[in-house]
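Worksheet: the structure to be examined is printed underneath.
Because only heavy atoms are used, hydrogens play no part in the values below, and waters and symmetry mates are left out as well, while side chains stay in.
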Amino acid sequence: MGKNAQSYLVGAVSALGGFLFGYDTGVMSSILEMDFWKAYFNYPQSVGVGVIVSLLTAGCFVGSLASGWLADNFSRKRTIMLATVVFSVGVAIQCGSVNRAMLIVGRFIAGLSVGCLSMTVPIFQSEISPAEIRGRLVSLQQWAITWGLLVAFWVDYGCSFIKSNASWRIPIGVQIVPATVLFVAMFFMPYSPRWLVDHDKIEEAHKVLARLRANGDFNSLEVMEELEDIKDAVRVERETAVRSYKELFRFPIRRRVILGVVIQALQQLTGINVVMYYASTIFRQSGLSKDGSSLLAQGINGVVNMLATIPAILWIDRWGRRKTVIFGSLGCGLTYFIKAVATAATQNKTIDKDGNINLNLSKASSYVSIVMMYLFVISFAMSWGPIGWIYPSEIFPMHIRSKAISITTASNWLFNFVINLVAPILIKKITWGLDLIFAIIMFITIFIIYLFFPATQNRNLEDMEVIFTGSVWAHKDKKRIAEYDNTNRYSYDIKDAFENAPYQYAYKVNTLQGEHANDIIVEGAVVDEGNIARFGYSSQQRIV
């Protein structure tokens with residue numbers, strides 16, 4: 001970790017918001033199959049189950065929209081803390097539910113918090129992280145989600161042996177513990193340096209950057225340079241910014257909003273939350289009908305999901321966003337297709353006395369279906385899981401970032417709501433047909449990513465303007481971006497030439513195009529005893 005230890009610490013603590021997200025998603029999956037829960041709420045049918053499950057995501061939709069304003073005005077840090085309080089209220093109502101309406105209200109309130117956290121945590125993580133590990137830090141959000149799912153599945157499994165209503169009340173109630181931990185821990189976390197600069201708190205931003213980048217060294221060249229870059233970016237944005245939601249639908253931000261909405265919607269169209277919410281039902285249909293066997297398989301599913309996310313955390317900045325999602329879509333599509341074929345070939349659908357669907361698959365088809373479920377989760381966890389959150393968090397300029405990500409995150413929850421509302425009906429009605437639908441979507445997604453989504457890894461947040469001002473056809477814009485990258489490499493050569501100078505230097509080199517194609521402009525800074533002076537020089541004439 002080295003000099004980035006503080007960034008990892010702050011990123012990991014804030015990722016507890018993802019843990020709450022994952023746990024609240026996973027806890028209902030197995031509870032839906034618990035006998036005492038079914039009896040207490042009068043055996044809800046597929047429509048009733050869909051409403052109970054999806055009302056959380058409806059709250060998430062509203063919460064994600066509201067959080068943009070909150071994060072901009074009250075800071076990312078305070079918004080996360082407020083969300084944990086709201087979450088605890090929602091959990092308390094669910095845990096004490098005496099009827100279905102009370103359970104639904106509790107889930108909606110908890111959803112407000114989860115939606116807020118799912119939008120604010122990735123922004124906070126991306127703004128406190130250096131470019132070279134930004135993908136890894138934002139991936140911690142997804143890894144925490146998988147840990148939340150994992151813990152929820154096994155708590156459900158353990159509590160399934162309790163022969164009373166405590167079997168479902170305990171798993172719901174324990175969520176207050178991690179929420180309290182996150183609330184207390186955030187007191188000791190810094191504010192986003194970019195948010196501080198945007199609110200004219202320059203000295204505090206300087207302190208935060210020194211803590212995150214240089215172990216408290218205020219005179220670090222890296223700290224000075226990044227602070228100046230953020231100040232410059234904020235100044236330019238203030239000169240041109242409208243700071244309203246209308247701006248999201250104007251050039252040049254509109255393209256990024258569309259890409260952010262699409263990638264979040266496509267993350268849900270992988271069907272991952274159908275698998276996570278209804279995995280116990282799917283495992284039971286696939287042949288695991290003995291007492292507790294489907295819940296055990298769900299617990300194993302949580303372990304697979306968590307472990308498969310680790311490679312993405314370690315190497316996502318090396319693999320790149322585009323390639324990872326393309327290969328992940330291929331893997332998800334193939335597993336769905338194979339599962340659909342195996343199920344369609346041998347299913348003999350029957351309905352038992354409790355109204356449950358049994359497919360009565362052959363032993364071979366049952367094994368294939370279960371294995372494909374696990375392989376799908378692996379494909380998702382190594383690709384769509386983290387990148388669905390990373391990509392939107394890094395493509396927007398500071399002045400509009402929170403509002404833009406509130407819209408993209410809301411699209412995630414809107415699709416989540418619709419899919420999970422209809423999923424229990426489709427699982428019952430068309431069984432393997434739902435797998436085939438998701439397979440087709442995944443194969444189409446491969447072309448969407450290749451054609452329209454530029455690569456963004458290992459770039460400063462302030463550099464995204466260059467990436468998104470070219471052709472909307474991302475596969476045709478590689479040459480222009482490569483030329484930009486080659487230009488920036490000159491800065492390292494110049495910096496090496498002055499490494500033994502008595503002062504600290506930082507340089508940024510730009511080569512001009514058109515009539516000034518042979519002109520080279522050097523922009524940089526001199527740092528002496530903590531003071532920073534900006535300068536510029538052109539090969540044709542001095543510019544500063």
Please check if any side-chain donor atom of [X] sits under 3.5 Å from a side-chain acceptor atom of [Y], or the reverse.
X      : Y      : answer
Trp384 : Ser329 : yes
Thr456 : Glu394 : yes
Gln125 : Ser393 : no
Asn412 : Asn416 : no
Arg76  : Ser402 : yes
Thr346 : Ser365 : yes

Counting N and O atoms only, with roles assigned by atom type, does the side chain of [X] sit under 3.5 Å from a partner on the main chain of [Y], one being a donor and the other an acceptor?
X      : Y      : answer
Arg321 : Ala455 : no
Ser97  : Leu103 : yes
Gln175 : Ile172 : yes
Ser113 : Ala83  : yes
Ser126 : Ile123 : yes

Any side-chain heavy atom of [X] within less than 4.5 Å of one from [Y]?
X      : Y      : result
Ile263 : Thr408 : no
Thr409 : Trp389 : yes
Tyr391 : Gln267 : no
Lys339 : Trp432 : no
Tyr278 : Asn420 : yes

Checklist line | Counterpart residues, salt bridge (Lys or Arg N to Asp or Glu O under 4.0 Å), relative to Asp156 (two or more places apart) | finding: none
Next item on the list: Output all residues satisfying salt bridge (Lys or Arg N to Asp or Glu O under 4.0 Å) with Arg256, sequence neighbours left out; order by chain, then residue number.
Entry: Glu465
Are the aromatic ring centres of [X] and [Y] under 6.0 angstrom apart?
X      : Y      : result
Phe21  : Phe87  : no
Phe376 : Phe438 : no
Phe74  : Trp69  : yes
Phe327 : Trp319 : no
Tyr157 : Trp154 : yes

Notebook entry, point to check: Is the Phe187 ring parallel, tilted or perpendicular to the Phe183 ring (thresholds 30°, 60°)?
Noted result: perpendicular
Next item on the list: Please say which of Lys77, Glu127, Arg78 ends up in a side-chain hydrogen bond (donor to acceptor under 3.5 Å, both in side chains) with Tyr191.
Entry: Arg78
Identify all side-chain donor-acceptor contacts of residues 439-446 below 3.5 Å with residues at least two apart in sequence or on another chain.
residue	atom	partner	partner atom	Å
Thr445	OG1	Ile441	O	2.8

Next item on the list: Before giving the answer on side chain to side chain contact (heavy atoms under 4.5 Å, CB included), spell out for Met276 and Val377 the whole-Å C-alpha distance, their side-chain angles and the decisive distance to 0.1 Å.
Entry: CA-CA 9 Å; Met276 291 304 169; Val377 169; 4.2 Å; yes
Checklist line | Leu112 CG to Phe61 CZ distance, which is reported to the nearest 0.5 Å | finding: 12.0 Å
